[in-house]
Every structure is written in structure tokens, then in C-alpha cells.
Amino acid sequence: MSTLAALARLRAVRTGTAQRLATVRHCHLSDRPMVLIPLRMAGEAAAPLAVMAGTDPARPRLLVVPQPRDRDLRFGFAAELAGVLLPYIEGMQKATETVERRGAEPYERSVDAPQIIVPNAGSAAFVRMLGRSTRFRRAEGPYAVHPSVPTLGRWLTYLGQRAQHPGSSLLLAATEALSLHWATGQSRLEDANLASLVGWIDPPAGMSGAQAAREAEDPLVWPPAGPATDPGFDNEVLAPAIRAYEETRSERAAARVREAVRSQLDPVWRLVWRAVGLLEALPAAPGVASRWEADRGSFSAFAAQLAEGAPPQPKRDGAVGAASRLARMERARSSYDAQRAYDDALVMAEYRLTGEAFAGTVVAAEPDRAEGEGRGRKLRPLVTVRTGDPVRVAPGTRLGTPQRRGQQAEVVSVAGGEVTLKIVKGMGRGASATPGAVPEVGEPVCYAALLEEFQPPPALPAPEDTPWTHGGPPPENPPEAESSEEEWS
Amino acid sequence: MSAPGVPAAEEAGAVVRAVLDDLPRHRGVVVDSPPGAGKSTLVVRAAGHLAATGEPLMIIAQTNEQVDDLIVRLAAEQPGLAIGRLSAGDYSAPPRVAGKAAIASKLPDLGEPAVVLATADKWAWAAGGRTWPWAIVDEAYQMRSDKLLRIAGMFERALFVGDPGQLDPFSVVDGERWAGLSWDPLQSAVAVLLRHNPGLPVHRLPVSWRLPASAAPVVSAAFYPFTGFRAGTGPGERRLRFTAGGMRTAYDRALEEAAASGWALYELPERHTVRTDADAVRAVAVLATRLLQLAPVALSERGEHAVGPERVAIGAAHRDQVAAILAAGVPPGVTVDTANRLQGREYDVTIVLHPLSGRRDATAFHLESGRLCVLTSRHRHACVVVARAGIPELLDAHPTAGGVQLNVPVRFPDGWEANQAVLAHLAEHRVAAAPLS
Amino acid sequence: MDRLDTLRGPVPPRPHDARAIAALAANPGCERRAVLDAAGVDKDATAAHLGFPAPFGQSAFAITRGNAFEALVKENGCAELLRLLRDLLGLPVESAGYTDLGDMAGDPPAHRRHEHTRRLIDRSAAEADDDGTLYDHPLLRLEIAGHTAYLEPDVVAFRLGGAFHVVEVKSFAVVDGQAEPEKVAAAARQAAVYVLALRTMLEELGHDPLRVSHEIVLVCPENFANRPVATLVDVRRELAVLRRQLARMTRVGRIVDALPPGLTFDLAPGPDGAPARPVAELRDAVRRVDARYAPECLSTCDLCFFCRDEAAGRGSTELLGRQVRDALGGVATVDEALGLADGSIAPGEGQEEIARLLRLAGRVYAEAG
Ligand code: SF4
């Protein structure tokens with residue numbers, strides 16, 4: 001934990017309300033997000049008990065499995081869920097734009113993409129688990145399911161996996177999105193409880209954040225946001241209701257289970273929408289649009305694969321798949337970190353505290369300075385910045401700056417609160433610097449050892465060329481083949 | 001474990017011969033090399049051996065510096081060997097490499113040297129087309145397996161050399177989804193290689209030529225509990241003496257203790273501090289200064305030499321600690337760096353800011369055994385550890401948390417045990433800091 | 001040890017089961033917990049009486065599911081389990097046997113059952129042949145701070161090639177080779193307790209304790225079905241932690257000696273069945289022993305809400321988590337930290353640095369926010 005975040009938490013304790021950790025919003029928020037709250041049957045890995053979902057805060061759809069251990073009911077539920085989710089997703093594929101690419105064929109990208117908002121990280125993991133349990137199903141043969149079920153499974157898998165991609169907003173966990181922007185007066189562990197986190201950020205009138213957070217821990221006031229249910233509720237309300245259904249299989253008994261579950265989900269539903277509202281109130285950071293663009297590109301690519309009849313995602317990544325996913329994720333991580341810092345002075349502040357960035361005022365500038373002679377002559381403007389920050393960048397380090405994105409400077413020297421920099425990129429190619437490209441004396445500036453440019457990773461072998469060190473080529477018939485008949489009991 | 005009675009050189013030589021003999025018999029051969037056990041010597045010898053067969057050889061190291069070091073040694077010990085170095089466009093060869101290797105950024109531009117060296121990253125860009133009969137992978141335990149995946153198709157057989165006790169590779173992203181996979185990209189190259197090829201021979205270099213007799217048993221027991229190694233020199237064969245008069249300050253007493261016994265623990269009073277604990281940082285800087293003022297002379301199997309600043313290093317866990325130590329003023333020429341960057345280096349005397357000093361709660365990062373292993377195994381003569389009192393209590397209070405992933409081999413040694421073992425030994429060489437004025 | 005009895009009062013000590021023993025390492029720095037555990041005080045009841053009941057409920061669904069799975073695995077003399085173990089450990093099909101150690105006449109007390117287990121395991125360890133046998137319902141024993149704890153491994157120890165493997169049956173799922181790491185860790189810690197108890201027993205019987213393998217067999221449902229799958233889990237780390245913790249427990253005497261004489265956490269019931277002790281008295285008694293609260297307590301210790309409330313009352317920075325506390329270089333309270341940050345408190349000796357850092361953080365925060 002950085003000292004800055006620690007200080008913010010201390011202040012939250014003192015003031016009784018959460019403190020900002022960001023001045024702008026770093027995740028995309030759709031005009032029409034779908035909130036989805038899954039509940040799981042206790043003791044089971046992937047037995048859904050219920051889902052509340054919808055795009056209209058006033059009209060939640062509630063899907064319930066009155067006996068979660070009943071396999072037919074479960075598949076019926078999966079088909080129902082597909083009926084809610086797939087039209088939303090498919091609706092997003094309709095409007096597309098053509099994207100031109102250098103050195104490659106142009107492609108079609110959806111102008112919008114689905115955005116699923118779940119309460120917490122556990123719900124996101126459960127979405128992945130639901131995807132895993134449904135994507136290998138088949139519409140014919142033994143244990144046939146409704147044709148929409150395997151499609152649902154692939155989408156849930158896709159969304160669940162994309163949620164692990166740094167900077168992606170296709171599937172957001174409300175607790176994580178809020179924690180990125182606010183520091184509470186409690187611990188990170190307690191922040192995982194959505195009701196208490198929201199309590200700190202936006203306490204009801206007449207209550208401090210701390211009080212609201214405490215109240216939020218009472219499952220009778222605020223039922224857990226899932227996927228696990230409150231054990232007390234399970235034992236006292238749900239178990240008898242399910243037993244009654246088991247005995248009678250009547251509509252009335254099913255309705256009783258339904259109402260029981262609704263009592264747990266209704267408050268969470270309102271809570272997640274409140275979280276959405278809190279995020280909405282923050283202005284979007286500049287980098288959000290480009291990351292959402294990447295999300296849209298990824299979404300369109302997956303939709304295209306599905307349309308072409310690609311097989312379901314494998315159970316686990318193969319050697320090559322894992323390495324290539326890791327490379328993509330690492331790149332996304334670094335660029336996400338850099339973008340957030342450049343977009344947001346509060347995020348940058350953390351780097352300033354550790355000395356990887358500094359802010360100050362220009363005290364000297366040589367905009368037309370050059371190095372080398374004749375044809376080797378290169379424009380290398382010098383800038384000296386006076387700063388009170390604890391600078392910890394070594395000479396030779398490359399820096400970027402939020403004031404001039406794309407520009408790069410190299411540290412020449414650091415001494416006595418003054419840093420001298422040599423601008424090496426993004427100041428123009430002419431004999432003298434582009435006007436405005438070199439900061440002038442007196443200008444406030446900030447530099448950071450965070451670069452937004454990345455080399456693409458070197459190529460990987462084709463999966464069928466996996467070398468002997470990594471187990472050789474994968475088998476032709478992966479174990480997925482039988483999974484359509486896998487039990488789900 | 002070391003064979004009693006057998007001279008160290010003989011024991012080590014036998015292992016090297018066994019490695020060379022195994023090369024043609026197996027697709028891959030792994031050699032574990034504890035600190036200073038002659039890893040580079042082995043690489044250079046194996047390179048000469050393989051080049052003598054007339055078949056071209058590729059050598060893969062992890063950093064440009066490691067590549068350059070190997071070139072210098074290859075050129076010195078295998079004169080007449082044509083060496084090529086592949087490098088990125090913006091690489092400029094340091095003077096020590098000049099004239100020793102052909103340098104180019106593309107393979108065809110190198111001609112047909114017997115040996116081509118490059119970093120793993122650079123090799124990955126050079127992939128395509130050509131297959132090499134032989135490869136040597138250096139620092140293979142610090143290489144992530146996804147890097148090996150990119151280049152393993154370029155060679156038919158390979159020798160993997162590295163130190164299993166040092167820091168594991170890492171990533172900025174959470175790799176839980178791959179945990180348990182035999183090809184987990186975040187595991188080391190050797191871990192993945194051996195999981196897929198469990199029959200490959202694994203040799204261990206048995207003798208540390210760097211660590212003195214005072215250090216080898218400590219480091220061996222703490223960080224290599226199952227395999228072990230011994231020192232190449234006997235007790236008393238390495239000596240450190242000061243030629244300038246000392247004072248009876250705690251600093252000088254700590255340095256004298258280190259000179260006499262190979263270890264010293266300079267212990268500051270117990271206190272919870274921020275990472276850049278000013279007292280500890282100052283103690284480290286003063287110890288380095290005093291050390292050089294005492295004009296140390298090292299006597300070893302290589303003869304006698306004055307220990308200059310270039311033979312002294314200061315190690316710490318975090319970059320901000322390194323910056324703080326530098327800011328506190330250390331004699332010019334003394335290396336100050338983090339454990340990550342001190343891997344593979346060697347000095348006569350090291351001064352270490354203990355990763356757990358002043359901490360109230362230890363994290364997995366602080367407890368990582370590889371970090372302490374690197375820090376306490378860089379020296380040929382003596383190591384001075386600076387720490388706040390109270391680390392044993394901190395270890396005692398450390399909660400065991402954290403999950404267990406199925407099918408992920410347990411990493412040994414456990415950081416807790418390793419820390420405990422090192423501390424127990426250091427306690428015998430404790431010098432209490434003088435009250436600060 | 002009568003000091004510990006006084007602390008507990010005239011109620012029988014709460015028996016330690018493997019889960020409780022495994023949990024000893026959850027917060028070893030906490031003296032309060034160490035004393036209460038060593039004295040066998042019922043922490044759950046203590047917390048309830050203090051008005052801060054522990055937040056750990058268990059869902060009947062999970063219990064039912066667990067029991068059903070275990071029954072399935074043990075059906076027909078553990079037929080399903082034997083099949084799994086054959087595959088995992090390479091046991092020849094014909095030679096596996098099943099012995100129910102719990103099959104004793106009447107309802108014998110724990111020590112008798114333990115004797116029975118001991119005898120049969122001794123005989124088995126002495127035999128030269130290599131038959132695999134499952135021992136169901138063994139009863140093991142471990143000394144915890146002078147008290148005897150009887151342990152009932154879910155199932156079994158299995159002997160193959162002269163080695164015993166502890167088998168742990170859990171009902172959380174292994175999906176595509178992965179399971180929830182926290183759950184695996186808890187299972188491994190618990191199994192390590194059995195490994196240690198079994199090793200201790202073998203040693204007492206004059207056998208090599210290392211014949212009990214450090215690889216335990218974890219049996220869980222696979223994917224989304226009830227079919228069990230077995231995985232070997234290396235518990236050497238957990239064993240090392242456990243040994244350290246048990247050694248610490250024997251040293252708890254030093255803490256106890258420093259407590260005021262006559263101190264007690266007595267929960268003896270009054271006429272109405274509820275503890276007779278006035279709450280305020282109990283609260284003062286508990287407060288006499290230093291706690292070391294951390295948010296992790298919220299999932300590992302019955303007293304968590306009480307200790308959290310106490311830490312909040314002190315304005316302790318412990319509330320914010322170990323990492324925050326560590327970043328603050330040991331500054332104990334929120335007020336002190338904020339005072340250092342805004343300069344209203346002059347840094348004490350050794351606090352200059354954290355004060356400087358906090359002031360810098362304050363300045364940067366103000367500039368940026
Ligand atoms: S809850 Fe209290 S008694 Fe329990 S471990 Fe935490 S601090 Fe100690």
C-alpha cells in the first residue's frame with residue numbers, strides 16, 4: 001500500500017467518508033449496462049440458485065432455480081438466462097464501423113459493446129464458472145439442452161476471461177471499480193463487501209460512512225451481494241422453501257422460493273445501481289475511450305469467431321495460448337498503468353511519492369539545442385525542472401509527460417532539487433523544435449518513468465509446433481470432446 | 001552433498017565431466033549451480049567442447065550484460081573460437097567486448113561464427129528458418145518459460161544452467177489461471193522443461209568457489225537444504241585484514257567481526273520504521289565508508305590484493321532503499337543495488353540491509369528466500385548485515401496465509417525457514433549499534 | 001498448567017479438533033488468542049457473551065453436500081476411494097483391503113478407540129508385505145500445550161510400499177484441475193495435523209515416522225458432478241508451520257505468568273444456562289491480554305468483532321490492514337498519523353521519516369486532488 005493510499009484511508013477514518021483516489025473515472029460506463037447478480041447454492045461449485053439481471057433499474061428480471069440440485073431445472077434456468085443475456089449481447093453487434101489498418105485488411109468493429117456489471121470479484125468468478133459448466137453442452141444427443149445454452153456458455157466464458165484483461169470494462173465488478181476510485185476508512189478485505197463500501201462512499205443522510213459500513217455487515221439489513229448467500233437465510237428461509245418445493249413441485253412452492261430469493265436480491269440490485277450512479281458521476285478519463293475501443297474490437301472478433309462456428313474455448317490454455325495471453329495481458333497492464341497516471345494527477349501522485357515521477361516548474365530551457373554535426377545532427381532540447389519531489393530516476397532513464405503525450409525525454413542529471421532532461425522524441429524533426437513542443441521557463445510540468453509505447457512481443461510458434469520443452473504438439477482430440485456429456489449434478 | 005576427503009577441485013571436475021559426457025546422450029541436460037559454483041566456467045567449457053565438434057552453437061543469456069560477460073570469458077579462455085553477438089539496434093558494445101565478437105542485429109550479417117550469443121529476447125526476434133544442433137541456456141532458472149517457448153524450436157538439444165536458489169521470474173499480471181499447468185508461462189524455464197521431460201539428467205555443481213568456508217555451510221543449509229554444496233577453500237584460506245588503524249566504534253567492531261569470521265550483524269535497536277529507515281540507511285553508508293577507510297586487504301588462493309570500492313557492494317530489497325542509501329553518501333565506486341540486479345555478481349565484501357529490518361508485518365515479498373539468498377551469497381570474504389532487532393519476533397508472529405494451488409510443486413526452501421536459519425547464524429556475530437548521537 | 005485451568009474456569013476445555021489446531025497459525029502474533037487457545041476457552045461463546053457474536057455461520061446446504069459426498073466416497077467399504085487410490089498411487093487392484101478402526105463394540109471412550117487404532121497401525125507398520133489398506137475411522141492423538149487432543153481424520157491412512165498417506169475428503173470441487181486456493185490451503189493445513197499425529201504415533205511405537213508421507217491425498221468432487229477425483233498435495237510447508245506453532249503454544253506460559261493472578265475467562269453457566277459472569281467483567285478480563293488485531297481476523301477468529309471494536313476504540317491503524325500499518329512505519333493510531341501528516345504533532349524520536357513522508361503525501365495529495 002502506498003503512503004498516499006494509506007493517508008487517504010486515514011483521512012477517511014477521520015472524516016467518516018471515503019476519500020478520492022482518482023479525479024476521473026478510469027473505467028468505461030455504458031449508456032445501457034446490464035447489471036447481473038448471480039447467486040450460488042452453498043456447497044456447490046456451479047449450481048446457480050438465482051440471477052437478477054437487467055438493463056433497467058426499475059425492471060429487474062429474476063430467474064430462480066427452485067431446486068438447484070435438479071439438473072433439468074438447471075438447464076432450464078440456463079436457457080432462460082440465455083434469453084435475457086443473448087439478445088442484449090447480439091443487439092450490440094448490429095451497428096458496426098469499418099476500421100482501416102496499416103498493413104492488414106480492414107475489419108468491422110461494433111460501435112458499442114455489452115457491459116455486464118456484477119457486484120464483486122466472486123460474482124465475476126462465478127460467471128466464468130457458469131460459462132464453464134454450459135459451454136460444452138450440445139443441443140442434440142444425450143443430455144441435450146436448448147441450443148442457446150452452449151452459446152450462453154461461450155459468452156459467459158468470454159466475458160469472464162476478458163474481465164481479467166487489465167483495463168477492460170466489458171465485465172466490471174462493482175467493488176473493484178469503486179475501490180479504484182475511493183479509499184475507505186476500513187481495510188481492503190472489508191471493501192470486498194459492496195454494501196459497506198458503498199456505505200463509506202455515499203452514506204445515507206444522517207449517518208457517517210463508518211456507521212453505514214457497520215450496518216452493512218448485518219445480513220438481515222443488507223443481504224450478501226453474492227454469489228454466496230447468508231447461511232442464516234439458507235437455514236431458516238431457503239431450506240424450508242426448497243424442501244416444500246421438493247415435496248409438492250407446485251407453483252405455489254416455487255413462488256415461495258422465488259420470493260425468498262427476491263428478498264435477498266432486491267437490496268443488492270439497488271445497491272449495484274447505486275454503485276453505477278457513483279461511477280457515472282465521475283468524468284471519464286481520456287484513456288477510457290481507447291480502452292473501450294479495444295474492448296469493442298475484442299468483442300467483435302469473438303462474435304465473428306462464434307458466427308464462424310469456432311469450437312468452445314478450451315478448458316485450459318495450451319502452452320502457446322497461455323504464453324500469448326500472458327503477453328497480451330502484460331502489455332495491457334503496463335499501458336493501463338501508464339494511461340491512468342497520465343490521465344489523472346492523483347494516480348500520478350503515487351508515482352511522485354515513490355520518486356518514479358516528479359512535478360515542478362521549468363527553470364531553464366534550450367529549445368534549439370542539438371547534438372552531432374552535419375547529417376548526424378539531432379535536435380536535443382534541454383529542459384531543467386525545479387521540483388520539491390523526492391526524485392529517484394537515474395540518468396539515462398526515459399520519461400514521458402502528461403503535458404505532452406508521446407513526447408519522451410531522457411534524464412541527464414538530478415541534483416539539488418533540479419532535474420535536467422533532454423527531449424529525445426516528439427519535439428519535431430526540423431532544425432528547431434516545433435513551437436510549443438518544448439516547455440518554457442515558468443511552465444509547470446510533470447515527468448514520469450512510465451512509457452505508453454510498447455514493442456509488440458516476438459512471435460510464438462504455432463500450437464502444432466509446440467516444442468519438446470513444453471510437451472510437444474497438443475493432442476488432436478482434446479479432452480473437451482466428451483464434455484458435452486459431463487454430468488452437472 | 002560433498003564427498004568427504006575428495007578435494008573440492010576433483011569433485012567439481014568430476015561433475016563437469018559427467019555433464020559433458022551426458023550432452024550427446026540426452027536432449028537436454030540441466031545443471032544446478034549454487035552461488036559462485038563455476039556456472040560461467042562450465043558454460044565456457046561446454047561451449048568449447050561443443051564447438052570442437054564442429055557443430056554451430058547458440059548461447060542464450062538473459063541480459064545484455066550477461067551476454068557481454070560471457071563473450072569476454074569465451075574470448076579469453078577459448079581463443080580462436082569465432083564468436084558472434086546478436087544485438088538490438090540500439091545496443092552499443094561496451095569497450096570490454098570490442099574486437100572479441102562480430103556484432104550484428106541480424107543473423108545473416110554475422111557470417112558463420114562457431115558460437116552466437118544473444119539475450120533470450122533477441123533470439124526470439126531472430127527465430128525463423130535456421131535450426132541449431134546445440135544451445136546453452138544460461139541463468140535458466142531466472143528465465144520465464146514463455147521465453148523458452150519462443151526459442152526452443154530453434155535448437156535440437158540444450159544445456160540448461162542456472163541457480164535454483166535465486167529469485168524466481170515474475171509478472172505484473174496475476175497468473176492464477178495457469179497455476180498447475182505443466183506449461184505455466186510464469187514458471188521458470190527449467191521447471192517447465194523438467195515437468196515435461198522428467199527423465200533428463202540434473203547435475204549439481206558441488207563446490208562454491210566464491211563463498212568462503214565461513215559462508216558456504218550457512219548458505220547451503222538455509223537455501224539448498226536438500227542438495228547442499230561446500231566451499232572450495234578451507235577455513236582460514238580466505239582472510240581479510242585492515243591495514244589502517246580502527247577505532248573502537250560499533251561500526252569498526254562490526255567490520256572487524258566480519259573480517260575475522262566472515263559475518264557480522266550490525267544490530268540497531270528494535271523499532272518499526274518506514275522502508276527507508278534513516279538510521280539503518282545511514283549505518284549501511286557509514287559501514288561502507290569505514291570499510292574502505294580501514295584499507296582492507298584480501299588474501300585468498302588468488303593471492304593478496306587491496307579491496308577497492310569496485311570490490312564492495314551494498315544490497316537492499318527495494319529500489320527506494322537503494323536510492324536512500326545512495327543519497328546518504330557511499331564511497332564512489334561502491335555498487336549499490338537491489339537483490340534482483342545483484343544476481344550473478346561477485347564482490348569481496350558485501351553490506352546488506354536486511355529485507356525484514358524494521359518491518360512490523362512481513363509480506364511474501366520480504367520473506368522470499370531467493371531475495372535473501374542473493375543478498376547473502378555475493379561475497380568472497382565477508383558479509384555485514386544491517387538490521388533492526390526484533391526480526392525473530394516478527395517471524396514468530398508471521399501468520400500463515402495464502403492459498404495452495406493444486407499441482408503446483410512446492411517451492412523450497414520455505415522463506416520462513418531460510419530466514420530463520422540465516423538469523424540464527426548471524427546472532428553469533430552480532431554487534432549492537434552504538435546509541436545514535 | 002493449573003494456571004490455564006483458572007483462566008478457563010470450571011468448564012471442561014474446549015477440545016481441539018484438527019481445524020482448530022490448524023487455525024493456531026492464523027495470527028500467531030496475538031497473545032490473546034494464544035492464551036485463550038492454550039487454556040481451551042470457548043472463544044465462540046466468549047464472543048457471544050461479550051455481545052460480539054462471531055460471524056461464521058454454516059449453511060445447511062453445504063453440510064448436507066459434504067456429508068453426501070463423503071458417504072459416496074466411502075460407500076461399499078470405500079470402493080470408490082480404493083479405485084482412485086489405485087490410479088493415483090499405482091496400487092495393484094487385487095491387493096487393497098479395508099479395515100474399519102471404528103468398528104468396536106459399544107461406544108468406547110476416546111482413549112480406548114485411540115488404543116485400538118494404535119494397535120492395528122502398529123501391527124500394520126510391522127508387517128513386511130506390501131498390501132494397501134484403508135483404515136477408516138482412526139482416532140489419533142496430539143498433545144497441545146499439555147492437553148490431549150483427539151483427532152478423527154475424515155477417513156484414513158493408507159499404506160502402500162510401506163508408506164502411509166493421509167486421505168482428506170472435501171466437498172469443494174476441482175474444476176479442470178484447479179480448486180479454490182484458500183480451500184485447498186485449509187485442507188492441507190488440516191491434513192498436516194493428521195500427518196503429524198500419525199508420525200508421532202509411529203515414532204512412539206518405534207517405527208520410522210517418515211513412513212507417513214508428506215504427500216496427502218485430497219479427494220474432491222470433479223467438475224460439476226459427484227464423481228470424486230484424487231490429487232496429491234505436498235504438505236511439508238504446512239507441517240513446518242504446525243510444528244512451530246505447537247512449540248510456541250508450549251511457551252505460552254511466559255505470557256500467562258505475566259497476567260494478573262486470579263484472572264479468568266470463566267463462562268460457567270448460571271441457573272438460566274447462560275454464562276453467569278457479568279459482561280463487563282469478562283470484557284475487562286479479555287482486555288487484560290494484548291490482542292494484535294488485523295482484518296484477516298474477520299475470517300479466522302471468533303473474537304474478531306470484539307477485537308475490531310476495541311481497535312476502533314483506540315483509533316488504531318491496525319483497522320486498516322497490515323499493509324497500511326506497515327507503510328506507516330509503526331505509527332499506532334490514526335490521530336497520531338494524521339497529526340504527523342498535518343504537522344500538528346511533532347515527530348517523536350524515530351518518527352521524523354514517516355512524518356516527512358506523510359507530509360509529502362499530504363502536499364502531493366492536495367496538489368493533485
Ligand atoms: S480476533 Fe482478536 S483474539 Fe482473535 S486473533 Fe484477532 S486479535 Fe487475536
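All of these numbers come straight from a predicted model, not from anything done at the bench. Letters A, B, ... are given to chains in the order of the sequence lines, protein chains preceding strands, and every chain is numbered from 1.
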Segment of [X] engaging chain A (4.5 angstrom heavy-atom cut-off):
X	value
C:R308	side chain
C:L298	side chain
C:E296	both
C:D326	neither
C:F305	side chain
C:R363	side chain
C:V334	both
C:L358	both
C:F172	neither

### Query
Would A:M129 and A:R40 count as a side chain to side chain contact (heavy atoms under 4.5 Å, CB included) if you check the C-alpha gap in whole Å, the side-chain angles of each, and the deciding distance to 0.1 Å?
CA-CA 11 Å; A:M129 203 50 104; A:R40 176 183 57 209; over 6 Å; no
### Message
The test is side-chain hydrogen bond (donor to acceptor under 3.5 Å, both in side chains); show your working for A:E217 and A:N193 and say whether it passes.
### Response
CA-CA 8 Å; A:E217 282 176 351; A:N193 177 343; 5.5 Å; no
### Task
Apply side chain to side chain contact (heavy atoms under 4.5 Å, CB included) to C:V184 and C:T231, showing your working.
CA-CA 11 Å; C:V184 180; C:T231 318; over 6 Å; no
Tell me, for [X] versus chain C, whether the close heavy atoms (under 4.5 Å) come from the side chain, the backbone, both or neither.
X	answer
A:L238	both
A:M348	neither
A:Q186	backbone
A:L189	side chain
A:D344	neither
A:R214	side chain

Looking at [options], which has the largest count of heavy-atom pairs under 4.5 Å with chain C?
options	answer
A:V13, A:T23, A:D234	A:D234
A:R14, A:R20, A:E350, A:R11	A:R14
A:A345, A:A22, A:A210, A:S187	A:S187

### A:E356/A:R352 under salt bridge (Lys or Arg N to Asp or Glu O under 4.0 Å): CA gap, chis, key distance, verdict
CA-CA 6 Å; A:E356 290 158 276; A:R352 289 172 58 191; over 6 Å; no
Is any side-chain N of the basic residue among [X] and [Y] closer than 4.0 Å to the acidic one's carboxylate O?
X	Y	result
C:R14	C:D44	no
A:R132	C:D176	yes
A:E246	A:R243	no
C:R292	C:E31	no

### Message
Can you classify the ring geometry of A:H26 versus A:H181 as parallel (below 30°), tilted (30 to 60°) or perpendicular (above 60°)?
### Response
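Ring orientation, 0 to 90° scale: parallel.
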### Task
Given salt bridge (Lys or Arg N to Asp or Glu O under 4.0 Å), test A:D191 with A:R9 step by step and report yes or no.
CA-CA 12 Å; A:D191 285 350; A:R9 283 191 189 264; 3.1 Å; yes
### Max heavy-atom pair count under 4.5 Å with chain A, selected residue of C:P295, C:G321, C:P221, C:A173
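Option with the top pair count is C:P295.
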### Message
I'd like to verify something: which residue of C:T317, C:L319, C:L338 has the highest number of heavy-atom pairs under 4.5 Å with chain A?
### Response
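Option with the top pair count is C:L338.
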### Query
Hey, mind stepping through A:Q403 and A:Y447 against side chain to side chain contact (heavy atoms under 4.5 Å, CB included) and telling me if it holds?
CA-CA 9 Å; A:Q403 282 79 28; A:Y447 285 90; 5.9 Å; no
### Message
To the closest 0.5 Å, what do you measure between CD (C:E318) and CD (C:E310)?
### Response
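Rounded to the nearest 0.5 Å, the CD-CD separation comes out at 9.0 Å.
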